[in-house]
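As structure tokens, the structure follows; a few thoughts come after it.
Here is how names work: the chains are called A, B, and so on, in the same order as the sequence lines, proteins then strands, and each is numbered from 1.
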Amino acid sequence: MHPFTYTQANDAREAVGAGRRGGRYIAGGTTLVDLMRETVERPDTLVDISRLPLREFNVTKRGGLRIGALVTMSEAAAHSKVRSLFPVVSEALELSASAQLRNMATIGGNIMQRTRCTYFRDVTADCNKREPGSGCAARGGVNRAHAILGTSESCVATHPSDVAVAFAALDAQVHLLGPDGERTVPFLDLLLRPGNTPNREHALRHGELITAVELPALPRPLKSGYLKVRDRQSYEFALTSAAVALNVSGGVIREARVAAGGVGTVPWRLRAVERALAGERPSDRLWSEAAAGSAEGARPLKHNRFKVDLLRRTVERQLRTVGDMA
Amino acid sequence: MSPQPQAAVGAPLSRVDGRLKVTGRAKYSAEHEVAGVVHAVMVDASIGRGRITSIDTSDAEAQRGVLAVIHHGNAPKLPYKDNKASNNPPGARLRVFQDDKVRFHGQPVAVVVATSLEVGQHAASLVKVRYDAEHPTTELSKGEPDKPTEYSRGDVDSGLRKADVRLDLTYRLARNHHNAMELHATIARWKGDKLTVWDKTQWVVGTQTELSTVFDVPLKSVRVISPFVGGGFGSGLRCWPHTVAAALAARVVKRPVKLVLTRKQQFFGTGFRPEYEYRLRLGADRRGRLTAMAHELEHETSSYETFTEGVLDPGRMLYSTSNVSQAYRTVPLDVNTPIWMRGPGPATASYVIESAVDELADRLGIDPIELRQRNEPDEDESSGLPWSTRRLRECYTVGAREFGWERRSAKPRARREGDWLIGMGMAAGVYHTARGAAEAHVRLAADGTAIVETAASDMGPGTYTSQTQVAADALGLTVRNVTVRIGDSLFPPTPPHGGSQTMASVGSAVLDGCDKVRRRAVELAIEDEDSPLHGVNAEDVVVRSGRLHVKGDPARGETYRQLLSRNDLGHLEADGSYAGAPGTERHSMHAYNATFAEVAVDATLGLVRVRRVLGVYDAGRIISPKLAESQAFGGMVGGIGQALLEHTATDHRDGRIANANLADYLVPVHADVPDLKAIYLDGEDREADPLGVKGLGEVVMVGVAPAIANAVFNATGRRVRQLPITAEALL
């Protein structure tokens with residue numbers, strides 16, 4: 001591990017000040033500490049933000065929900081408002097990691113976790129994300145777990161989070177505090193596709209800190225759920241996953257939100273699927289037809305070709321599951 | 001078995017060391033407190049083949065607390081004398097830091113020694129190694145196979161020609177790594193020419209001989225201590241380079257050195273179950289009688305050692321057929337040397353044979369159990385020897401009844417529950433009964449307590465407990481008055497703790513030693529005029545709970561304590577021994593099982609979920625039923641991993657293992673482990689060994705993977721001839 005100094009921030013202003021001076025924020029530490037052990041991450045300064053008062057659960061005036069950045073995954077998953085208003089978020093969280101990790105890891109950190117690409121995590125391998133210009137070992141290597149959507153010549157690593165897929169589907173907003181004050185960005189704009197700069201993973205400005213994630217009010221009744229497909233039944237990242245939220249009234253789908261995980265370099269919103277659903281009446285045939293376009297634009301690699309078909313099947317299954325509830 | 005009443009043997013005892021383990025007082029190899037210990041961190045080659053052209057250690061050495069950076073350029077030359085009494089495969093073992101050659105990705109190229117682990121790790125990341133890299137060959141299909149080991153009986157070609165049904169099937173099995181919970185770790189300390197090593201090993205005697213030959217010091221100068229092992233599955237069956245590196249480092253810095261491999265380093269710092277390609281041709285008549293079996297198999301080995309395992313045995317003796325041929329090739333690759341992993345050989349062969357037999361049964365429309373019964377041999381057709389015991393038919397019958405086999409539809413895809421297709425499968429398992437020469441020392445104190453010492457290991461099956469049970473009954477003591485000490489090369493030698501031979505071998509030596517001590521006490525009593533047992537026939541005396549008495553007249557007797565103190569004896573002691581398997585066996589000895597599995601397969605998503613596993617075992621006498629059940633469950637979990645999850649993935653461009661961690665190398669988690677049930681047939685094998693046991697730690701894993709694979713076929717109608725079976729094969 002590269003030597004580092006550790007400071008604890010007592011309030012948000014102090015944290016942002018330290019962040020502006022180049023400090024890396026640490027809360028649960030479940031991803032950063034691992035990567036520091038592997039020397040993939042070599043921060044000189046860690047700024048511990050775990051004492052900051054960022055643990056809110058507030059229903060907004062319009063009926064959305066603000067979740068503080070330091071709320072743990074397990075707290076968020078168990079919260080009655082999350083469970084009743086956005087089951088897809090609860091389910092995504094509960095299907096993530098292990099109980100021990102969910103007790104430590106925070107919502108803000110979860111969004112910011114780095115890829116599980118094994119070449120990224122092995123400092124002796126070429127990786128443009130870790131070392132710009134060194135090349136991408138995964139493209140021609142062992143890449144069963146890698147992305148088929150949003151990839152570039154430079155990078156094919158997936159974003160590993162489950163709850164981020166739910167956030168993408170729900171059009172979450174992210175509240176930030178930085179040296180220049182507060183601002184809010186749509187979650188979908190926060191995480192960046194790799195392009196030629198896979199080392200740039202997010203749109204945070206220097207020193208900016210996530211303070212909360214806001215789930216907007218959506219037309220009710222809203223039925224939602226998350227399906228995670230993986231080899232073993234627990235404690236594994238997704239091969240494919242689907243977050244689905246449907247508003248059905250008068251027998252017609254008024255609004256559909258669909259996003260996929262395990263397949264994209266960022267959580268992948270499936271707009272074409274949503275378009276195919278809007279205004280239609282639920283039926284098995286509709287689920288099948290709408291899901292057909294799930295992997296549109298996919299560029300599979302040697303070992304993950306099966307994900308193209310598996311993604312379609314995953315989305316179709318989850319449309320049916322949520323659709324049967326709606 | 002001894003004439004003594006059996007009170008402890010066969011009782012469902014909890015582990016005698018359970019409290020130590022759950023309270024954290026059982027010391028594993030990295031946990032021993034050794035004064036003045038410093039820390040070693042290995043630097044691994046980042047190429048798959050080639051030469052080291054330079055090593056720059058200046059940044060590492062500049063770190064405060066770094067004591068040494070040892071590599072081939074500055075390491076003392078080590079004698080590496082031949083070691084015939086070892087598990088080292090034929091070839092030339094890897095000599096740590098003795099030359100500039102890189103033979104596989106991850107090979108140790110330097111070791112950093114520092115006063116703290118953190119400084120050592122940081123300094124290791126600063127060592128700059130330059131290489132002249134060559135392209136490694138790590139793909140099984142690209143290597144040049146060695147000359148085959150061959151076997152044949154009868155005429156396979158004519159057997160195949162005469163067959164009504166012929167199958168020609170090729171199976172692929174992924175490389176598997178043991179991945180026990182405890183990491184491999186060594187603490188080494190020199191005092192003059194005397195070396196003491198605390199090591200994770202399944203064989204303290206083996207590590208002792210290896211270190212003695214590597215450093216060319218007398219065997220007696222090396223002591224290896226390993227009282228607790230946190231799982232092994234075979235990875236501790238030989239002494240690995242890191243143990244030598246720790247001892248070498250301790251010699252260089254003149255302080256005790258601790259070296260703990262990381263999880264990642266275990267993937268190339270210790271061995272693995274090799275990747276296989278296995279072609280099996282079967283012929284059978286219309287009634288399902290096998291007319292021929294032709295086996296052609298190959299697996300990887302390293303470029304410097306030729307590893308082999310007992311993979312041919314099941315193909316020769318499991319089923320009756322006059323025509324058998326086998327050709328077994330090793331393929332040297334730029335990888336490190338494999339090692340035995342649970343059920344070594346048969347766990348591979350049974351997957352192939354039992355999958356093929358299932359396919360044959362389906363083709364002929366015969367129930368898979370019936371087909372196996374029709375091919376049940378009367379004797380071992382490879383040796384002509386009679387079976388000591390072989391109760392496979394009973395395993396089938398009991399298993400079919402308990403599992404509800406009659407509810408299985410012979411037609412695949414016949415049972416569906418929502419999105420899930422449900423299927424049942426079964427397989428037979430076999431593992432030969434191994435026995436090795438073993439010794440034990442037994443000492444009965446005047447207070448009526450006993451200590452048994454033997455160099456055996458306990459990687460988890462419960463050696464402490466089962467040996468205590470054997471000793472308690474043979475001495476006529478209660479379990480709590482017996483203490484078993486193991487895991488120290490100062491104790492009498494034992495064979496490796498692997499191949500399911502510990503109970504048979506060490507147990508027989510313990511039994512012998514305890515019988516001798518008891519007999520001495522009995523003789524003392526019957527010759528002692530002051531003893532109530534004076535003049536009684538020795539055969540008529542039994543000992544229970546520390547009291548000797550006349551069989552059938554419990555009132556007439558006295559305690560060990562009374563007898564020894566009256567005779568002014570502080571203790572009685574004896575050396576027990578067991579000679580191991582005779583040079584020429586008179587019987588063919590194996591443990592057997594019938595394993596049944598029920599799986600659910602998501603018809604759309606291709607996910608396989610095991611619902612139930614049942615194993616019925618013919619393993620001879622069961623010394624410790626509760627531990628035996630745990631062993632069976634462990635074997636089933638291992639089998640689920642082999643069938644559905646475990647797969648070491650190598651990047652063939654540079655020989656790197658791409659999933660050398662437990663997030664990407666998948667082993668079953670609790671959610672993957674369903675309703676498990678183990679049934680042991682009551683009985684014993686009088687021919688096998690004095691205890692009548694046949695070994696069970698290995699056989700419990702054999703047959704699990706094919707039972708699951710056959711259940712997947714029954715559920716889906718798809719034959720996947722490759723392990724692990726993952727979603728992409730079933731979409």
Side-chain angles (χ1 to χ4, degrees), chain A residues 1-4 34 36-40 42 95 97-99 101 116-119 121-126 137-146 160 227-237 239-240 242 288 291 303-314 316-318 320-321, chain B residues 44-47 63-64 105-106 117-122 124-126 129 262 264 419 602-610 640-641 644-654 656-674 724-731:
Chain A
M1 198 181 285
H2 185 74
F4 61 92
D34 274 6
M36 286 168 68
R37 285 179 194 278
E38 299 288 346
T39 69
V40 172
R42 300 161 184 242
L95 292 167
S98 67
L101 288 165
R116 302 299 305 190
C117 172
T118 58
Y119 298 97
R121 298 173 81 88
D122 180 347
V123 291
T124 69
D126 293 337
R139 280 200 77 88
V142 175
N143 49 35
R144 177 177 186 256
H146 287 74
L227 173 65
K228 183 170 182 178
V229 175
R230 48 184 163 177
D231 300 300
R232 71 179 170 193
Q233 299 194 54
S234 173
Y235 203 9
E236 191 191 356
F237 293 92
L239 285 173
T240 58
S288 166
H303 302 125
N304 68 9
R305 203 160 291 279
F306 72 102
K307 280 190 175 185
V308 173
D309 194 26
L310 187 60
L311 174 60
R312 181 185 59 75
R313 294 167 183 237
T314 304
E316 180 182 343
R317 168 71 59 83
Q318 191 57 7
R320 193 186 81 203
T321 302
Chain B
D44 320 309
S46 59
I47 62 162
Q63 296 295 310
R64 204 186 156 112
H105 203 285
L117 176 62
E118 290 74 15
V119 168
Q121 287 171 333
H122 180 53
S125 75
L126 300 176
V129 187
T262 61
K264 178 180 173 180
D419 291 319
D602 190 308
T604 313
L605 302 176
L607 303 176
V608 182
R609 303 302 186 222
V610 180
I640 293 170
L644 302 176
L645 297 168
E646 297 191 44
H647 173 207
T648 306
T650 302
D651 187 329
H652 298 299
R653 296 171 304 175
D654 62 3
R656 171 192 317 266
I657 295 174
N659 63 344
N661 64 72
L662 287 179
D664 296 297
Y665 181 96
L666 303 178
V667 296
V669 294
H670 280 294
D672 298 301
V673 177
I725 299 170
T726 51
E728 51 265 58
L730 294 167
L731 290 179

| Do B/Leu605 and A/Thr314 have side-chain heavy atoms sitting under 4.5 Å apart? | yes
| request: Let me know if B/Asp651 has heavy atoms under 4.5 Å from chain A in its side chain, its backbone, both or neither. | output: both
| request: Heavy-atom distances under 4.5 Å only: say whether B/Leu645 touches chain A with side chain, backbone, both or neither. | output: side chain
| said: If you compare all heavy atoms of A/Asp231 against all heavy atoms of B/Arg609, which two are closest, and at what distance to 0.1 Å? | reply: O-NH1, 2.8 Å
| message | Just verifying a value: how many Å separate A/Glu236 CD and B/Asp664 CG, rounded to the nearest 0.5 Å? | response | 8.5 Å
| task | Kindly write out the residues that satisfy side chain to side chain contact (heavy atoms under 4.5 Å, CB included) with A/Arg121, not counting sequence neighbours, or none if the list is empty. | result | A/Asp34, A/Leu35, A/Arg116
| task | Would you check, one step at a time, whether the test salt bridge (Lys or Arg N to Asp or Glu O under 4.0 Å) holds for B/Asp419 with A/Arg320? | result | CA-CA 12 Å; B/Asp419 291 319; A/Arg320 193 186 81 203; 2.8 Å; yes
| said: Report which part of A/Arg144 has an atom under 4.5 Å of a heavy atom belonging to chain B: side chain, backbone, both, or neither. | reply: side chain
| field | Segment of B/Asp602 engaging chain A (4.5 angstrom heavy-atom cut-off) | value | side chain
| Residue selection (most heavy-atom pairs with chain B, distance under 4.5 Å) from A/Asp122, A/Val229, A/Thr39, A/Asp309 | A/Asp122
| Hey, is the main chain of B/Ala671 close enough, under 3.5 Å, to the side chain of A/Gln233 for a donor-acceptor pair? | yes
| Are A/His2 and B/His122 close enough that some pair of their side-chain heavy atoms sits under 4.5 Å apart? | yes
| message | Looking only at heavy atoms and a cut-off of under 4.5 Å, which of B/Gln121, B/Glu118, B/Arg656, B/His652 has the most pairs with chain A? | response | B/Arg656
| remark: So, the part of B/Ile725 with a heavy atom under 4.5 Å from chain A: the answer is neither
| said: Less than 4.5 Å to any heavy atom of chain B: does that hold for the side chain of A/Leu311, its backbone, both, or neither? | reply: neither
| query | Could you give the distance from CD (B/Glu728) to CG (A/Leu239), rounded to the nearest 0.5 Å? | reply | 7.5 Å
| Which one, B/Asp654, B/Val669, B/Thr726, leads in non-hydrogen pairs under 4.5 Å with chain A? | B/Val669
| said: Any donor-acceptor pair under 3.5 Å linking the side-chain atoms of B/Thr262 with those of A/Arg37? | reply: no
| Which bit of B/Val667 is near chain A, if near means a heavy-atom gap under 4.5 Å: side chain, backbone, both or neither? | both
| Is the count of non-hydrogen atoms from other residues, nucleotides or ligands lying under 6.0 Å from A/Tyr235 atom OH greater than 12? | no
| request: List for me each residue that meets side chain to side chain contact (heavy atoms under 4.5 Å, CB included) alongside B/Val673, sequence neighbours excluded, and say none if there are none. | output: B/Val637, B/Pro668, B/Leu676
| note | All heavy atoms of A/Arg313 vs all of B/Leu731, minimum pair found to be NH2-C, 3.8 Å
| task | Would you name the heavy atoms of A/Arg230 and B/Leu607 that are closest together and state the gap between them? | result | O-CD2, 3.5 Å
| Considering only heavy atoms, which portion of A/Ala145 lies under 4.5 Å from any heavy atom of chain B: side chain, backbone, both, or neither? | neither
| field | B/Ser125, part contacting chain A, at a heavy-atom distance under 4.5 Å | value | side chain
